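Here the structure is laid out as structure tokens; the discussion comes afterwards.
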Protein chains: 2
Amino acid sequence: MKKDAARNNHKVDGVALGLSNRLFFRLYQCANMMHKTGTKALEPHGVTTQQWAILGALTRPAFEHGVAVGDLAAYLLVSRQNLAGVLSRLEAQGHIVRTVAESDNRSRLIKLTDAGRTLWAEEMRPRIDDYYAAALDGFSTDDRIHAIHYLDKLLRNLAALDPEPEH
Amino acid sequence: MKKDAARNNHKVDGVALGLSNRLFFRLYQCANMMHKTGTKALEPHGVTTQQWAILGALTRPAFEHGVAVGDLAAYLLVSRQNLAGVLSRLEAQGHIVRTVAESDNRSRLIKLTDAGRTLWAEEMRPRIDDYYAAALDGFSTDDRIHAIHYLDKLLRNLAALDPEPEH
DNA sequence: CGAATAAAGTAAATACATTGACATATATTC
DNA sequence: GAATATATGTCAATGTATTTACTTTATTCG
């Protein structure tokens, strides 16, 4: 069947594809599959991978006492307009609060609620650990370090390509 | 300024983040930046990175004479509903055609138009090569091979996590 | 052959993510 | 201090991606 030929060539399509092309194609596929499987892993809590990234960021010591939306957007490398939307959903679910900054009437300070902190620590954390274990099965510590190294390197190049200054 | 502290810790946020978490966070950031910078690189032609992936796939020898939407979706690892939307835009731009398969009244066969093939070869290809060169600056051939290896490995794990059978 | 199964297209709801544009508030500079 | 510049939130448009659900057409199996 033609179907099988087209659907089972993950192993074959590297031969003529070119290294650079293949690298970016795999990055594209991996990111999609990460969102798909990651969101499914946290489905019982109605949290997506992007929301998970935000909640995780908010547990960082530096952001423990609240963080401005602009700073959070800069940390995640997403636009503030996009972040605002996800934050609205997290706020509606009661996981975070937006408070007006004292020294700046424009700015809102994002903070984890107690419920959000509990959700993260008690519910999400164990599932996330299981997810990492499954997704990185067969990856040694060195493998992870090397993979991160390449992604870091790529990210620096992409950031340099982005006209957006880092202010 | 607090701003600078929050916005310049790409190098610092690895220390306490955990290897697995950091790997997925970088994957998330890289994918977003790839779409952002890649789409900008091809902006003169109004083509996004996803459309670029599809046009590239259609130039594969195996798909040269047309490919079914289901097979193309399986190759790209996206849902056929998503693919249908992108194909509509590509069709509206005249880059591809959808013809009804002779042996199956349900199925549509996707083919590159002459205009689409020319756009790919004459216009997009050079810009894509420039983009790859910039995004992978400092990557040796071995670096690329190793990076692909890790992404392949990760993708296999993610695919195994996905309930979707490969039929 | 006829019934169950599978595959294809489509529609709709939801969520991410980008850009451009705008109003308002804060900072900088002269 | 006033003019300029920058930061912030928001609105709107567009594109990508998922899931669920439904209809129609093929295929398979009994």
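Letters A, B, ... mirror the listed sequences (proteins, then strands); counts begin at 1. Everything numeric here is computed off the predicted structure, so don't read it as measured data.
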Interatomic distance where [atom1] belongs to [X] and [atom2] belongs to [N] [whole Å]:
| X | N | atom1 | atom2 | answer |
| --- | --- | --- | --- | --- |
| A:E91 | D:dG9 | CD | P | 12 Å |
| B:N82 | C:dA17 | CG | C1' | 14 Å |
| A:M34 | D:dT18 | CE | P | 12 Å |
| A:E43 | D:dT18 | CD | P | 14 Å |
| B:Q29 | C:dA17 | CD | P | 11 Å |
| B:L72 | C:dG9 | CG | C1' | 15 Å |
| A:R108 | C:dT26 | CZ | C1' | 14 Å |
| A:Q50 | D:dT18 | CD | P | 12 Å |

Quiz item: With the sugar-phosphate defined as primed atoms, P, OP1 and OP2, and the base as all remaining atoms, what B/S/- string results for nucleotides 21-26 of chain D, 5' to 3', for protein heavy atoms under 4.0 Å?
Solution: B---BS
Quiz item: Should the pair A:R60 and A:F63 be classed as cation-pi, given the thresholds of under 6.0 Å to the six-membered ring centre and 45° from the axis?
Solution: yes
Quiz item: Going by atom types only, do A:S20 and B:R144 share a side-chain donor-acceptor pair under 3.5 Å?
Solution: yes
Among [options], which nucleotide has an atom closest to any side-chain atom of [X]?
| X | options | answer |
| --- | --- | --- |
| A:R98 | D:dT8, D:dA17, D:dT10 | D:dT10 |
| B:K36 | C:dA17, C:dT19, C:dG9 | C:dT19 |
| B:Y28 | C:dA17, C:dT18, D:dG9 | C:dA17 |

Self-check item: Closest-nucleotide 5' rank along DNA chain C - winner of B:K40 and A:G85
Solution: A:G85
Self-check item: Cationic N near anionic O, under 4.0 Å, B:D152 to A:R22
Solution: yes
Self-check item: Sidechain N-carboxylate O distance under 4.0 Å for A:D143, B:K153
Solution: no
Practice problem: Report yes or no: does B:T113 contribute a side-chain atom to a donor-acceptor pair with the main-chain N or O of B:G94 at less than 3.5 Å? | Solution: yes
Quiz item: In terms of heavy-atom contacts, does CG of A:D142 have more than 12 from other residues, nucleotides or ligands at under 6.0 Å?
Solution: yes
Which atom pairs, one a donor and one an acceptor, fall under 3.5 Å between side chains of residues 126-138 of chain B and the rest of the protein, sequence neighbours left out?
residue: B:Y131; atom: OH; partner: B:T37; partner atom: OG1; Å: 2.8
residue: B:Y132; atom: OH; partner: A:N21; partner atom: OD1; Å: 2.8

Quiz item: Is A:S79 near enough to C:dT18 that one of its side-chain N or O atoms lies under 4.0 angstrom from OP1 or OP2?
Solution: yes
Quiz item: Want to settle it: does A:A84 or B:H35 sit nearer the 5' end of DNA chain D, counting the closest nucleotide to each?
Solution: A:A84
